[in-house]
Amino acid sequence: MERSALVYVGLTVICGILGLYVDNREYVPRAVEGGRRYGGGPCTRTRARNRIALWAVYCLMAGVSACRIAVGNDYWVYRENFNLIAQNRHVSSELGFNYIVKWLQTLFGYDAYLPVFAFFSLVTVFFFVKALEDQGSYFAFSLYLLMTGGYYFNSLNSVRYYLALAIALYAMKYVLRGEYGKFLLWILAGAMFHKSILLVFPVYLAARFLAAAPLKKWHYGVGLFFLGTLMFGQEVYRDIIFYFYPYYRDSHFDNGQISYANILKCICVLGLCLVFGRQGLRGDLMNRFYFFLNVFGLAAYCCGSFVPEVSRVGYYLIVSQVLLLPRITGQMEPGWLRRFCRAGVVLAFGVYFVLLLRDMYAMDVRLLPYRNWIFD
């Protein structure tokens with residue numbers, strides 16, 4: 001592992017330390033509940049410290065992302081698409097993305113790809129950090145999971161998708177509030193950059209419904225029926241998918257690959273919740289909502305290998321782990337068991353991060369070596 005990997009390691013450590021200065025446990029319930037109780041009030045010392053720490057975290061994460069050059073296997077593909085958009089030629093990306101790219105090209109000049117990448121980096125990191133501020137009761141822990149889980153670092157690749165993922169994570173609070181109109185508007189906004197986000201509208205609503213309702217036999221029946229359609233109705237699903245993404249059919253993405261790592265993550269998270277965190281699931285709408293998203297994620301990874309890039313579908317669901325795990329472990333009774341579970345989560349994600357760093361050198365990833373336009 002060469003020296004530029006230390007940029008990612010150092011960023012994770014420094015942001016984690018800064019995150020320890022963010023105390024938003026009283027803020028999160030108000031942010032999720034919304035209405036008149038949201039925000040307001042005098043600027044106390046705690047609020048001032050939170051804002052400084054949050055701003056520092058945002059600047060560091062956005063800076064590393066915005067200043068990159070030649071990082072990611074699709075970096076130069078995006079640059080070529082930027083130029084095609086400026087030339088009014090056809091590209092497969094969505095209208096919102098195309099209009100913003102064209103506007104930025106008009107503002108900064110033709111082939112000014114650095115400001116375009118920087119703009120989307122700033123916006124993507126904003127939604128990630130804001131989502132953790134509003135919903136992450138243990139901000140530093142959630143931030144650690146976001147970074148070591150690869151969601152932030154992978155956003156240096158697949159620019160459009162990870163912007164949509166950040167918006168989906170941010171929009172979860174509107175589902176929890178029951179403000180479904182605002183939720184729909186944010187999802188439609190995200191769809192202007194990546195159409196796959198439209199999937200989360202029915203799925204998040206289903207998770208919200210199950211989180212608020214006591215489970216009955218017919219709920220399990222519907223769940224089994226849905227699993228049956230994933231196993232025996234695959235061609236129907238594929239026809240729907242290829243209607244929106246025809247270029248995925250028989251491509252290198254359409255390989256039927258099973259993500260065993262994500263299946264294991266889902267099993268471990270659900271097992272932790274059911275064995276050690278049952279108390280946190282009782283009557284807690286947020287925990288139950290995130291829990292059912294992970295149930296859906298496990299079903300997608302186990303039965304959805306026929307979906308091209310199924311990990312992109314699954315990430316919309318299991319990204320909720322960065323919010324669920326800190327809440328479940330934080331609500332355990334103080335003692336050795338809580339310390340053991342928290343240490344286990346930290347260690348597991350740390351090992352995953354090391355493996356992720358190793359794989360970043362692969363030609364189909366190319367997130368390492370890291371270069372930026374300031375020093376390279």
Side-chain angles (χ1 to χ4, degrees), residues 4-5 7-12 14-16 19 57-79 81-82 93-94 96-97 100-101 113-133 136 142-172 186 189-197 200 262 309 311-323 349 352-353 356-357 359-360 362 364-373:
S4 70
V7 174
Y8 294 166
V9 176
L11 178 67
T12 302
I14 294 172
C15 287
V57 167
Y58 172 76
C59 288
L60 288 171
M61 293 174 64
V64 168
S65 180
C67 295
R68 74 189 187 278
I69 186 169
V71 175
N73 70 311
D74 60 358
Y75 188 92
W76 299 117
V77 175
Y78 266 106
R79 177 195 177 183
N81 286 340
F82 295 162
S93 49
E94 287 77 3
F97 179 79
I100 289 179
V101 168
Y113 57 92
L114 292 177
V116 180
F117 278 113
F119 174 85
F120 286 105
S121 295
L122 296 174
V123 176
T124 300
V125 173
F126 169 79
F127 281 112
F128 273 139
V129 174
K130 183 60 177 173
L132 298 190
E133 180 192 8
S142 291
L143 181 63
Y144 171 81
L145 299 182
L146 182 81
M147 301 189 77
T148 56
Y151 302 109
Y152 162 73
F153 291 110
N154 284 328
S155 70
L156 277 61
N157 236 337
S158 303
V159 172
R160 295 182 298 115
Y161 169 76
Y162 279 93
L163 173 55
L165 179 66
I167 292 174
L169 182 64
Y170 169 79
M172 286 181 185
W186 277 110
M192 297 298 290
F193 302 96
H194 208 282
K195 293 190 292 289
S196 63
I197 196 176
V200 310
N262 285 313
E309 290 277 55
S311 288
R312 293 192 174 186
V313 175
Y315 276 3
Y316 284 123
L317 308 173
I318 68 170
V319 71
S320 59
Q321 291 173 2
V322 306
L323 304 171
F349 273 77
Y352 182 82
F353 183 48
L356 186 68
L357 287 172
D359 292 340
M360 285 180 183
D364 60 342
V365 181
R366 285 171 48 186
L367 291 176
L368 283 174
Y370 174 79
R371 295 185 176 90
N372 65 68
W373 54 263

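Below, each value reflects all heavy atoms present in this structure, side chains not excepted, and no hydrogens, waters or symmetry copies.
- Shortest non-hydrogen contact noted between L122 and A62 is CD2-CB, 3.7 Å.
- L169 has its side chain out of reach of F127: every pair of non-hydrogen atoms, C-beta onward, lies at least 4.5 Å apart.
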Does L357 form a side-chain contact (heavy atoms from CB on, under 4.5 Å) with F153? I'd like the steps, not just the answer. CA-CA 10 Å; L357 287 172; F153 291 110; over 6 Å; no

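- Between T148 and Y352 there is no side-chain heavy-atom pair separated by less than 4.5 Å.
- Between W76 and A70, the closest heavy-atom pair is CZ2-CB, 3.7 Å.
- Taking every heavy atom of both residues into account, I69 and N372 meet most closely at CG2-C, 3.6 Å.
- Ring pair F120/F97: centre-to-centre distance below 6.0 Å.
- Taking S121 as the reference, S65, R68 meet the side chain to side chain donor-acceptor pair (under 3.5 Å) condition, with sequence neighbours excluded.
- Judged by distance alone, with hydrogens and angles left aside, the side-chain atoms of Y113 form no donor-acceptor pair with the main-chain N or O of F82 at under 3.5 Å.
- Side chains of D74 and S158 form a contact here, defined as non-hydrogen atoms less than 4.5 Å apart.
- The two atoms that bring I197 and Y316 nearest to each other are N-OH, 3.4 Å, heavy atoms only.
- Using a 4.5 Å cut-off on side-chain heavy atoms (C-beta onward), M147 and L11 make contact.
- The SG atom of C67 sits 15.5 Å away from the CZ atom of R371 when rounded to the nearest 0.5 Å.
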| query | When you look at E133 and V57, which way does the side-chain contact (heavy atoms from CB on, under 4.5 Å) test go after all the steps? | reply | CA-CA 11 Å; E133 180 192 8; V57 167; over 6 Å; no

task: Go through Y370 and M360 one step at a time and tell me if the side-chain contact (heavy atoms from CB on, under 4.5 Å) criterion holds.
output: CA-CA 10 Å; Y370 174 79; M360 285 180 183; over 6 Å; no

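- For the atom pair Y162 OH and Y151 OH, the distance stands at 8.5 Å (nearest 0.5 Å).
- Every residue two or more places apart in sequence or in another chain was checked for a ring pair (Phe, Tyr, Trp, His ring centres under 6.0 Å) with F119, and none qualifies.
- For F117 and W373, the ring centers are positioned 6.0 Å apart or more.
- Listed here is the closest heavy atom pair of Y315 and Y161: CB-OH, 3.0 Å.
- The side chain to side chain donor-acceptor pair (under 3.5 Å) test applied to R366 returns no partner, not counting sequence neighbours.
- The shortest non-hydrogen separation linking L368 to S4 is CD2-OG, 3.8 Å.
- Considering CG of L143 and OG1 of T12, their distance stands at 8.5 Å, rounded to 0.5 Å.
- N73 places no side-chain N or O within 3.5 Å of a backbone atom of N157 that could act as its donor or acceptor partner.
- Between F128 and Y152, the ring centre distance reaches or exceeds 6.0 Å.
- For the pair F349/Q321, a side-chain contact is recorded, criterion being any heavy-atom separation below 4.5 Å from C-beta on.
- Y8 contributes a side-chain N or O that, together with a main-chain N or O of L367, makes up a donor-acceptor pair within less than 3.5 Å.
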- Task: Go through N81 and V101 one step at a time and tell me if the side-chain contact (heavy atoms from CB on, under 4.5 Å) criterion holds.
- Result: CA-CA 9 Å; N81 286 340; V101 168; over 6 Å; no

